[in-house]
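Whatever order the structure lists them in is the order used to number ligands and atoms, beginning at 1.
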Amino acid sequence: MSISSQLDEIRRRITDAEKRSGRTPGSVRLLAVSKTFPASDVVQAYEAGQRFFGENRLQEALEKIPLLPPDCSWHLIGPLQRNKVRKALEAGIDLIQAVDSLRTAEAISRIAGELHQSAAILLEVNVDAEESKHGFSPQELRDQWESLVTLPNLKISGLMCIPAPVEDPQQARPSFAALRELTLELRKRGPLPLDILSMGMSHDFEVAIEEGSTLVRIGSAIFGSRPSPHTEPEMLPGQNDHHGRRL
Ligand SMILES: *Cc1c(COP(=O)(O)O)cnc(C)c1O
């Protein structure tokens with residue numbers, strides 16, 4: 001199937017999930033996750049009307065951004081090292097989704113100030129308390145909330161999570177519900193509206209929408225399958241990716 005017809009199919013399933021769960025139609029935004037796929041694939045998605053794109057490595061985003069029309073919005077969905085914050089903000093990343101510590105938030109705040117910008121971010125929450133995963137624990141986020149919300153030049157727009165991998169998407173439901181509840185709790189504390197709840201990927205986005213997601217991050221269901229997640233982040237310079245590009 002073409003990227004355009006895959007996109008149509010995903011949009012239809014998003015609309016169905018919105019209706020089924022009493023969500024406002026059109027309230028869920030689709031982020032097309034283009035990591036590992038060439039810019040030509042992103043162009044196809046663009047021509048099919050897609051405007052929001054997500055990359056998990058800054059370098060790859062920097063390569064693709066100039067190849068797409070300027071009305072695209074780019075989200076960084078992978079971890080951002082503090083020494084790359086300046087590059088990310090200068091390149092026009094519109095939303096840094098996976099801010100996983102107060103120190104990183106402080107670095108973004110400081111550099112955004114230097115660049116006379118306000119940086120939009122989401123805070124990543126390790127909802128399933130996985131050893132291997134980045135993110136604030138829910139308790140850490142509660143404890144550090146006052147420090148986070150007082151950082152200048154920062155727009156904390158909401159929370160994001162990547163639940164532990166499960167066979168049946170229904171098993172991810174409690175993790176999505178936990179992120180929603182944490183969002184409601186932090187909204188009550190104020191002063192931020194926290195209107196973005198970034199959760200749900202190709203295999204579980206419908207459950208995520210039922211649990212309140214406002215932004216689903218979908219890659220393989222639009223662009224096709226990627227190499228195994230175990231090899232992908234460790235690819236070293238000199239290797240080829242699955243499109244045969246030299247890395
Ligand atoms: C790769 C990735 C996605 C998309 O995953 P698919 O299963 O291909 O939809 C979503 N979110 C993050 C943070 C990712 O790294």
Under 3.5 Å, N or O to N or O, is Asn56 touching ligand 1 that way?
no

Do any pairs count as a side chain to side chain donor-acceptor pair (under 3.5 Å) and have a residue in residues 198-208, sequence neighbours left out, and if so which ones?
Arg13-Glu206, Gln97-Ser198, Ser198-Arg217, Ser202-Ser220

I need the contact type for Lys35 against ligand 1. Using non-hydrogen atoms and a strict under-4.0 Å cut-off, is it side chain, backbone, both or neither?
side chain

Should Arg189 and Glu146 count as an ion pair when the cut-off is N to O under 4.0 Å?
yes

Give every residue pair that meets the side chain to side chain donor-acceptor pair (under 3.5 Å) criterion with at least one member in residues 106-123, sequence neighbours excluded.
Arg86-Glu114

Are Glu9 and Arg12 close enough for a salt bridge, meaning some N to O gap below 4.0 Å?
yes

Could you tell me whether some N/O pair between Ser220 and ligand 1 is separated by less than 3.5 angstrom?
yes

Would you sort out whether Glu124 and Lys133 count as a salt bridge (charged side-chain N to carboxylate O under 4.0 Å, His left out), showing the intermediate values?
CA-CA 10 Å; Glu124 179 176 1; Lys133 212 155 260 173; over 6 Å; no

At a 4.0 Å threshold, what atoms of ligand 1 neighbour a non-hydrogen atom of Arg217?
4 (C), 9 (O), 10 (C), 11 (N), 12 (C), 13 (C)

Please work out, at 4.0 Å between heavy atoms, whether the side chain, the backbone, both, or neither of Gln97 comes within that distance of ligand 1.
neither

Which ligand 1 atoms are under 4.0 Å away from a heavy-atom of Gly219?
4 (C), 6 (P), 8 (O), 9 (O)

Considering only heavy atoms of Ile162, which atoms of ligand 1 have at least one such atom less than 4.0 Å away?
13 (C)

May I ask you to check if Arg51 and Tyr46 form a cation-pi contact, with NZ or CZ under 6.0 angstrom from the six-membered ring centre and within 45° of the axis?
yes

Distance under 4.0 Å to a non-hydrogen atom of Ser202: what atoms of ligand 1 satisfy this?
6 (P), 7 (O), 8 (O), 9 (O)

If the contact criterion is a heavy-atom separation under 4.0 Å, does Arg226 count as touching ligand 1?
yes

Charged N to carboxylate O below 4.0 Å: is that the case for Glu60 and Lys35?
no

Nitrogen or oxygen atoms of Ile218 and ligand 1 under 3.5 Å apart
no

